[in-house]
Amino acid sequence: MHLQVEHIALGYDQVAVVDELSFSIEAGQVGCLLGASGCGKTTALRAIAGFEPVLSGRILINGREVSRPGKTVPPERRSVGMVFQDHALFPHLTVEANVAFGIRTQARRHQRVGELLDLTGLTGFEKRYPHELSGGQQQRVALARALAPEPAVLLLDEPFSSLDTGLRRQMGQDIRRLLTERGAATLLVTHDQLEAFALADQVGLMHQGQLLQWDSPYQLYHRPADRTVASFTGRGCYLKARRVNGQLEHALGTSPLPDHHDHSEGQSQFDLLIRPDDIRPSTNGRSARVLQRQFQGAQILYLLELSSKERIAALFTSHDNFAVGEMVSIALDADHLVLFNPENTTAGST
C-alpha cells in the first residue's frame, strides 16, 4: 500500500490554488500536510480522495494511476477512506449501522464493528443515532466508519478537532498504532503543529498552495528550509551573527559554524535562529533581563532582553523561577544552529 502524489496542480476555473505538489507515503506510514487555513491542504486531500480533478501531474495508489488531467477514478473505486471535518454521518443510521456501512463481508461485519467501537471508546453506543451524540462522539464514529473497510489509503481532515485534549492524545496514538499494524498509508491534514509532530512520520508544511518542506518532524523543527517553516513549526527569535575566523560571534558568545554550512561562501553576516529550548541558565553565561514570564506548569516561558537589546524567548523548568526585572545568566545550548541570510528567506542549513 503506497500513496504517490507527483507534481499536481489543483484549482478552479484554471486558476491554481495548489501548484507542483509532490510527496509519497509508504505502507504503514503516517504523513501530514500542515498549514494555516486556506493554504490548499484540504483541496489536496479532496483530490487524493477523488473529489477534485487535477490540472496537471498525477496521483497513484499502490502503483495504480487514479488521477491525471482528463482522468479521475471515482472515490468508491480508489480503496480510500476519508474522515471529513464535519463528520458527514448518515443521520438515519445508528452508530453500529454507520460503522458497518462500508464492510462488504457479512461474516466479518459484527466482529469488525465491535473492534472499532472498542478502539474509539464507543462500546455501549451502538443503537444511538448521530443526533444523540456529542460532537466528539460523532467524530469518533466517523473515524471508525472510515477504518471499517480497511482501506489502502486513509485520509484524515482535522480528525481530532472536536475531541478534548486527553482523548485527542489517546485516540491519536491508538489510531496511529492501528494504522501502522494494518499497513495503511495515511495522510493527515491539520493546522495543529503539535498534533502533526506527535502523529506523523513525515510532515509537509504548506503555504499559499506551495509545499515548502516535506521532512521528518525533527528535521522540520531543527532544520527548517526557510523562515516561514521556522515560524510555523515553533516559536523562535533571531540574533545577529557574523563569521569571524571560522567561528560565529553573536550576543550569546561564540559558536562553531554548523558542519553542514558551506565554509567557502563569502557571506559573513547571518541571522541565527534561536528556539526557546536552545537557552539554558548558566552560572558563567551572558546576562539578560526578564521582561515577561508565562507560567506553564512544568515549565516557564520567559522573554529576555540581552545587553545588545535583542530579545529572545527561553523555556526553563519551573524550578528556575525568575521574576520580571530580574537579571539572569544564560548560555546557548544548541547542537545544531540554523543560519539565515539577512537579505532573503533561504536558510543557511538544510
Side-chain angles (χ1 to χ4, degrees), residues 34-36 165 190-198 203 205 207 212-213 215-242 248-258 261 269-350:
L34 173 68
T165 303
T190 184
H191 65 275
D192 187 326
Q193 167 229 328
L194 295 179
E195 185 172 282
F197 284 3
V203 178
L205 196 283
H207 179 69
L212 301 184
Q213 186 174 352
D215 222 324
S216 69
Y218 185 92
Q219 288 290 102
L220 211 68
Y221 182 78
H222 287 296
R223 297 281 172 81
D226 61 29
R227 293 177 192 258
T228 302
V229 177
S231 64
F232 199 93
T233 54
R235 184 164 182 169
C237 303
Y238 295 93
L239 293 181
K240 296 297 181 184
R242 60 180 185 142
L248 277 179
E249 289 188 357
H250 45 79
L252 290 174
T254 302
S255 303
L257 277 167
H261 185 73
Q269 303 292 325
F270 304 96
D271 286 345
L272 173 62
L273 175 64
I274 304 293
R275 299 289 198 187
D277 50 305
D278 291 336
I279 304 299
R280 60 175 173 82
S282 174
T283 55
N284 58 350
R286 298 298 176 97
S287 294
R289 183 183 302 277
V290 177
L291 298 181
Q292 298 175 11
R293 50 170 281 153
Q294 183 183 98
F295 184 74
Q296 299 180 351
Q299 298 171 313
I300 302 176
L301 180 65
Y302 293 98
L303 178 63
L304 307 175
E305 184 177 69
L306 306 176
S307 59
S308 64
K309 301 304 179 182
E310 294 171 293
R311 296 180 177 186
I312 58 172
L315 191 64
F316 300 158
T317 70
S318 60
H319 299 292
D320 296 311
N321 188 20
F322 304 110
V324 172
E326 188 174 348
M327 298 298 295
V328 298
S329 180
I330 60 172
L332 179 64
D333 187 19
D335 294 329
H336 29 247
L337 302 179
V338 179
L339 304 177
F340 291 86
N341 187 332
E343 299 176 352
N344 59 44
T345 59
T346 301
S349 66
T350 57

I need the [X] [atom1] to [Y] [atom2] distance, nearest 0.5 Å.
X	Y	atom1	atom2	result
D277	I279	CG	CD1	9.0 Å
L212	L205	CG	CG	5.5 Å
I300	N321	CD1	CG	4.5 Å
L34	D192	CG	CG	8.5 Å
D271	N341	CG	CG	8.0 Å
R286	L304	CZ	CG	15.0 Å

Checklist entry - Given the rule in the side chain to side chain donor-acceptor pair (under 3.5 Å) test, do D215 and Y221 qualify, once you have shown the distances and angles that lead to the verdict? => result CA-CA 10 Å; D215 222 324; Y221 182 78; over 6 Å; no
Using every non-hydrogen atom in the two residues, find where [X] and [Y] come nearest and quote the distance to one decimal.
X	Y	answer
R223	V338	CA-CG2, 4.4 Å
A230	F340	CB-CZ, 4.3 Å
V203	A196	CG2-O, 3.9 Å
A251	E310	CB-OE1, 3.4 Å
P224	R275	CG-NH2, 4.4 Å
L273	D278	O-OD2, 4.2 Å

Item to check | Atom CZ of R293 with >12 non-hydrogen neighbours under 6.0 angstrom | outcome: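 For R293, atom CZ is crowded (more than 12 foreign heavy atoms under 6.0 Å).
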Checklist entry - Where do I330 and I312 land on the side-chain contact (heavy atoms from CB on, under 4.5 Å) test, with the steps shown first? => result CA-CA 11 Å; I330 60 172; I312 58 172; 3.9 Å; yes
Is there a side-chain contact between [X] and [Y], using heavy atoms and a 4.5 Å cut-off?
X	Y	result
L239	L332	no
L248	T254	no
V328	P281	no

Checklist entry - On the ring face of Y238, is R227 found with NZ or CZ under 6.0 Å from the centre and within 45° of the axis? => result yes
Item to check | For F316, ring-ring contact (aromatic ring centres under 6.0 Å, His included) partners two or more places apart | outcome: Y302
Item to check | Ion pair E305/R289, N-O distance below 4.0 Å | outcome: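 Here E305 does not pair with R289 in a salt bridge, since their nearest N and O are not under 4.0 Å apart.
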Checklist entry - Will you find, in the side chains of S282 and N284, an N or O donor that is under 3.5 Å from an N or O acceptor? => result yes
Checklist entry - Side chains of Q193 and T233: is there a donor and an acceptor less than 3.5 Å apart? => result no
Next on the checklist: Under the criterion side-chain contact (heavy atoms from CB on, under 4.5 Å), I'd like the reasoning laid out for S318 against Q299: C-alpha separation, chi angles, the key distance, then a yes or no.
Outcome noted: CA-CA 5 Å; S318 60; Q299 298 171 313; 6.0 Å; no
Item to check | Pairing residues for Q292 by the side chain to side chain contact (heavy atoms under 4.5 Å, CB included) criterion, not counting sequence neighbours | outcome: L303
Item to check | Partners passing side chain to side chain contact (heavy atoms under 4.5 Å, CB included) against L301 (at least two apart in sequence or in another chain) | outcome: R235, P276, Q294, Q296, A313, L315
